[in-house]
Amino acid sequence: MASNKSPNTPAPNDSSDSGIEGIRAARLQKAEDLKQAGQQPYAYSWDITHPIADLQAKFADLEAGAEEDFNVSIAGRIMARRVFGKLAFFTVQDETGTIQLYLEKKTIQAEMGEADAQAFNHLKQLTDAGDIIGAQGTIKRTDKGELSVKVKQYAMLTKSLLPLPDKFHGLTDVAKRYRQRYVDLIVNPEVRDTFRKRAKITAAIRRHLDELGYIEVETPVLQSEPGGAEARPFVTYHNTLDMELYLRIATELHLKRMVVGGFEKVFELGRVFRNEGISTRHNPEFTTIEMYQAYSDYQDMMALTESMIEQIAEEVTGSNTVTYQGEEISFAQPWKRVTMHDAVKEKTGIDFGEFSDLAAAKEAAKGAGVGDVDSCESIGHVLNEAFEQKVEETLIQPTFITDYPVEISPLSKPHRSKPGLVERFELFMVGRETANGFSELTDPVDQRDRLELQAAKKEAGDLEACSVDEDFINALE
RNA sequence: GGGUCGCUAGCUCAGUGGUAGAGCAUUCGGCUUUUAACCGACUGGUCCUGGGUUCGAAUCCCAGGCGACCCA
């Protein structure tokens, strides 16, 4: 028999009745049997009286063995089945939590027997872990202390065709967790909490900035000239214009155009795209927030950053202290501020402010165990290497690093009192950079010079360097 | 891009040259207090791919693919 093979639809295998295809075929048959029994395997609706977490809270004090003649109707996914001859226990999970179904043949047959003389047997034979089921009944805490719905009536809401991952080990394959997020969300409840917290954080950011008089904007994602960061862009193509376009690598340059246009406080919370390495820490598409405020310098932006993050932490977690991967992080203001030169000096003993000779700076850096300095083209770059290799991972508590070398900061204003430096900060916590801010460069002549330096690097083959965005210079002018 | 490790049943994993394995899941039977239910029976495999060594390869060698972690 000829068959078209494809990875998604493996050819049926006659001898396989417990492989994945066998399971799927068996479950399709169960869906068919449900229809024969007068049940719809994919229901249109089911009335719910309570989220499961509400029931767990409401009856937290109910004693083991006690019953409550309180009618409830719930719905959720069957996560585990424990079936006996005339009694069964299902663990059911909805968005809010889990509860046990107490499924007694006697009760179910009395309530449903008229519609389906085999209602209990069908429950045993035609349901599987993974199915979404609706259940209506009363509240009972079993002798063993598990809060349960003593079911009078049930209905299949969605028959699943594929098995859930191992009930004990769960889904541990990181790649599969990320590529099949829906499975991850089903079997790893803590992942749902992460999603909820994230939604609370973005809502709190918007509320906070709205109260400060910011307006939220959406700037172009498709750009003819990507800029605002050093990164390789994704390239796409516009048919009608017959030209290549790039997905943005940052929102910066268009937000600054908004400021030029007269909006004094703007922000954008949105996706940017960088065509680079991929790992569990680096996604090619990720979300950033950029905020711009006219007439303000980097000190103002640091103050805004620390107060906003402390308040959000309190709103989302109820505390300004959070534990992240075993580290206790305190967001209590004020956060530590230290210049890049001082931070490097503290860890390496080297004061890069004393060097005027590049070669001498490289020697000193090597002496302190800093690698990869041979290709550095300025003392500022050597300083940056030393910082990244020796300091960054030690910054666990929120810390602002300030006053960066001009060579690595093409968009910042020169420092008002320190030559060769710019008014820039980066925020570090748990050893990673989490924010970056400047007194924004507003001098169009200086800006052109710095972008042309970048363009020269691009000409020389640096795939992360950007070109001169003439329209942006025009806006500044 | 470099290094290390991995890829065996739906899931989690054993198996270092001699008949392809376990637990869970699935299927069948039993069971009214389980919660990783239990008891009994069955089923399920391109051992990532290709080549090589060997009487014989999941196992050793070479090349490639995919993935994880670390580094850049």
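In the text below, chain A, chain B and the rest are named by the order of the sequence lines, each starting its count at 1. Any value given below was found using the heavy atoms of this structure, including those in side chains, with hydrogens, waters and symmetry copies removed.
Of the nucleotides present, none pairs with G56(B) by Watson-Crick or G-U wobble criteria with both distances under 3.5 Å. Judged by Watson-Crick or G-U wobble contacts below 3.5 Å, the nucleotide C38(B) has G30(B) as its partner. Here C66(B) sits opposite G6(B) as a Watson-Crick or G-U wobble pair (both hydrogen-bonding atom distances under 3.5 Å).
Rounded to an integer number of Å, the gap from K124(A) NZ to C28(B) P is 11 Å. Summarising the geometry, the separation between CZ on R27(A) and C1' on G10(B) is reported as 10 Å, rounded to the nearest angstrom. When the C1' atom of U26(B) is taken as reference, atom CG of L126(A) falls 15 Å away, rounded to whole Å. Rounding to whole angstrom units, NZ of residue K150(A) and C1' of U33(B) are separated by 12 Å. The CD-P distance, from E393(A) to C70(B), rounds to 12 Å in whole Å. Atom P of nucleotide U26(B) and atom CG of L28(A) are separated by 16 Å, given to the nearest angstrom. Going from atom CZ of F90(A) over to atom C1' of U35(B) covers 13 Å, rounded to whole Å. Atom C1' of nucleotide U27(B) and atom CZ of R24(A) are separated by 18 Å, given to the nearest angstrom.
Taking atom P in both G56(B) and G40(B), the straight-line distance is 42 Å, to the nearest Å. As rounded to the nearest Å, G64(B) and A25(B) have P atoms that lie 42 Å from one another. If you take atom C1' in U32(B) and the same atom in C69(B), they sit 50 Å apart, rounded to whole Å. Comparing the P positions of G50(B) and C55(B) gives a spacing of 23 Å, expressed to the nearest Å. For the P atoms, the distance linking C13(B) with C7(B) amounts to 10 Å, nearest Å. As rounded to the nearest Å, A14(B) and C47(B) have C1' atoms that lie 13 Å from one another. Rounded to the nearest Å, the gap between the P atom of A57(B) and that of G17(B) is 14 Å. Atom name P, nucleotides U16(B) and G6(B): the rounded distance is 13 Å, in whole Å.
In this structure, Y246(A) has its ring center no closer than 6.0 Å to that of Y237(A). Remark: aromatic rings of F438(A) and Y298(A) are distant, center separation not under 6.0 Å. The ring of F59(A) has its center closer than 6.0 angstrom to the ring center of F70(A).
Judged by closest nucleotide on RNA chain B, G85(A) is the one of E146(A) and G85(A) placed further toward the 5' end. Along RNA chain B, the nucleotide nearest to T142(A) and the one nearest to D128(A) differ in position, and the one closer to the 5' end is contacted by D128(A).
Between K30(A) and the phosphate of U27(B), there is a side-chain N or O to OP1/OP2 separation shorter than 4.0 Å.
A cation-pi arrangement is found for K140(A) relative to Y102(A), the charged atom lying closer than 6.0 Å to the ring centre and inside a 45° cone about the ring normal.
Remark: T251(A) OG1 to R271(A) CZ distance equals 13.5 Å, nearest 0.5 Å.
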Query raised in the report: Between F387(A) and F352(A), is a ring-ring contact (aromatic ring centres under 6.0 Å, His included) present by the stated rule, with each step listed?
Result: CA-CA 11 Å; F387(A) 175 79; F352(A) 279 89; over 10 Å; no
